[in-house]
Amino acid sequence: MSFVLYILAALTVAGGLAAVLLKNTVHCALALTVAFAGLALLFLELDAQFAGFAQILIYIGAVAILVVFAILLTRGSETPKGSAYSHSPLVGLVIAACVFAVLGWAVLHSTAQLPPGTTSATPTVTVADIGNALMTRYVLPLEIVALLLTAALIGAVIVAMHEKEGSR
Amino acid sequence: MTPLSGYLLVAALLFAIGLAGALTRRNAILVLIGIELMLNAANLNLIAFWRYGPHPEALTGMMFAIFSIAVAAAEAAVGLGLVIQIHRHAQTTDLDAINRMKG
């Protein structure tokens, strides 16, 4: 556990907590961006440069902007008059706490060991290697993802398209 | 504590935060934000196992994470499109107020 990991973990968790707890939805979206940035930095700390920069481009550049657009289009920036939480928030909190307890217990008490010979040496993986793997071994998943993205794009446009008056 | 378990704990905490948000918030967009946080926590696990696993040069975990990011982006686009359409239809994004399946 290095010092950098503590800082990045604190930043990410604080961003996540703020995204979940804040009352104003626009503030939530901004906190979500902080959490995404912290995650991208964690990826970079793990020597996964490509995944880190992809995280910045896709999540901060696209998903966060999309969330802000949705908030503004649905006038969600108005702080709700009543409670921001559902009528039984305690149940959700208990479920989440139980999940964290189980996951944390499993991580800390796991007897599984990494195979011997695994060093923590920095893996020498370049973006060119990733591109080669994408075009050779992983070319079928790549094509499927391309199809999925096209379908999602068309589907999202159709779902969100204005209905003509009288067509209902 | 090994570095790997440190990352796994951060991911578990982030997953629990996202789950709590998805289960307790009333605004549909904030529920989607919670789901995004959970997906990202899973990605952090994948990258951490890739980094500390025996064969990082095989790129398996990295590829899984990259495809997972792409699928999460598609999910976000469709989910937010649905939220916008629900708001247009019901004039609210309050999930407690949307209690009819019949339009």
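Predicted, not measured: the structure shown is a model, and the values here were computed from it. Each chain gets a letter, A, B and so on, in the order its sequence line appears, and its residues count up from 1.
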Gap separating the CZ atom of A:Phe50 from the CE atom of B:Met63, nearest 0.5 angstrom: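 The CZ atom of A:Phe50 sits 8.0 Å away from the CE atom of B:Met63.
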Point-to-point distance, once rounded to the nearest 0.5 Å, from CD1 of A:Ile71 to CD1 of B:Ile29: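 The distance works out to 5.0 Å.
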Note, B:Thr60 side chain near A:Tyr138 side chain (heavy atom, < 4.5 Å): yes
Would you mind checking which part of [X] comes under 4.5 Å of any heavy atom in chain A, side chain (CB onward), backbone (N, CA, C, O), both or neither?
X: B:Ala70; value: both
X: B:Asn43; value: both
X: B:Ile66; value: side chain
X: B:Leu14; value: side chain
X: B:Ile33; value: both
X: B:Leu13; value: both
X: B:Asp96; value: side chain

At a heavy-atom separation under 4.5 Å, does [X] approach chain B through its side chain, its backbone, both, or neither?
X: A:Leu22; value: backbone
X: A:Phe36; value: side chain
X: A:Val159; value: both
X: A:Leu108; value: side chain

Non-hydrogen atoms of A:Ala48 and B:Trp50 that approach each other most closely: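 Between these two residues, the closest heavy atoms are CB-CZ3, 3.8 Å.
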Shortest non-hydrogen contact between A:Val63 and B:Ala73, atoms and distance: CG2-CA, 4.4 Å
Test side-chain contact (heavy atoms from CB on, under 4.5 Å) applied to B:Tyr7 and A:Val107, step by step: CA-CA 10 Å; B:Tyr7 284 104; A:Val107 167; over 6 Å; no
Connected-component partners of B:Phe64 among ILVMFWY, side-chain separation under 4.5 Å: B:Leu46
